[in-house]
Amino acid sequence: MHFVLLASHSPEVCPSSNATSKAMLLEMGPQIPAIAEKNGVKLLAGPFINREHLTVVIAEADRAEHLDTFILEARLAQWNTVR
């Protein structure tokens with residue numbers, strides 16, 4: 001099943017202006033492909049990032065629960081609202 005992830009955050013927690021978010025992104029970013037694979041998630045396209053603090057990713061997973069676990073383990077929900 002294909003999923004479109006929309007991750008949005010406020011300017012205050014944007015990694016381009018917030019040291020804590022930036023450090024987390026620099027730490028977790030390289031780990032994201034392995035976290036996705038571990039959870040049975042295939043990242044098909046993205047991340048597409050724009051100036052409106054929105055990131056778009058197209059992913060594939062057998063179950064939505066696998067995608068949810070990926071989002072939590074990748075710590076994306078700590079500085080984004082992910083839909």
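Please read all numbers here as calculations on a predicted model, not as lab measurements.
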Exercise: identify the closest heavy-atom pair between Pro11 and Ser17: O-OG, 2.9 Å
Nearest-0.5 Å distance, CG of residue Leu25 to OG1 of residue Thr20: 12.5 Å
Using side-chain heavy atoms (C-beta onward) and a distance below 4.5 Å, is Leu76 in contact with Ile32? yes
How long is the straight-line distance from CG of Asn80 back to CG of Leu5, given to the nearest 0.5 Å? 10.5 Å
For residues Met24 and Pro15, determine if any side-chain heavy atom of one lies less than 4.5 Å from a side-chain heavy atom of the other. no
List in chain and number order the residues that pass side-chain contact (heavy atoms from CB on, under 4.5 Å) with Lys38, two or more places apart in sequence or in another chain; answer none if no residue qualifies. Glu73
Look up atom CG in Asn39 and atom CG in Leu72, then write down how far apart they are to the nearest 0.5 Å. 9.5 Å
Is atom CD of Glu52 surrounded by more than 12 heavy atoms (other residues, nucleotides or ligands) closer than 6.0 Å? no
For residues 30-83, pull every pair meeting ring-ring contact (aromatic ring centres under 6.0 Å, His included), keeping only residues two or more places apart or in separate chains. His9-His53, His9-Trp79
Considering non-hydrogen atoms only, spot the tightest contact between Ala59 and Leu43 and give its length. CB-CD2, 4.2 Å
Backbone of Val13 reached by a side-chain donor or acceptor of Ser21 within 3.5 Å: yes
So how far is it from Lys22 NZ to Cys14 SG, rounded to the nearest 0.5 Å? 10.5 Å
I need the Arg75 CZ to Ile35 CD1 distance, nearest 0.5 Å. 9.5 Å
Return the NZ to CZ distance between Lys42 and Phe3, rounded to the nearest 0.5 Å. 15.0 Å
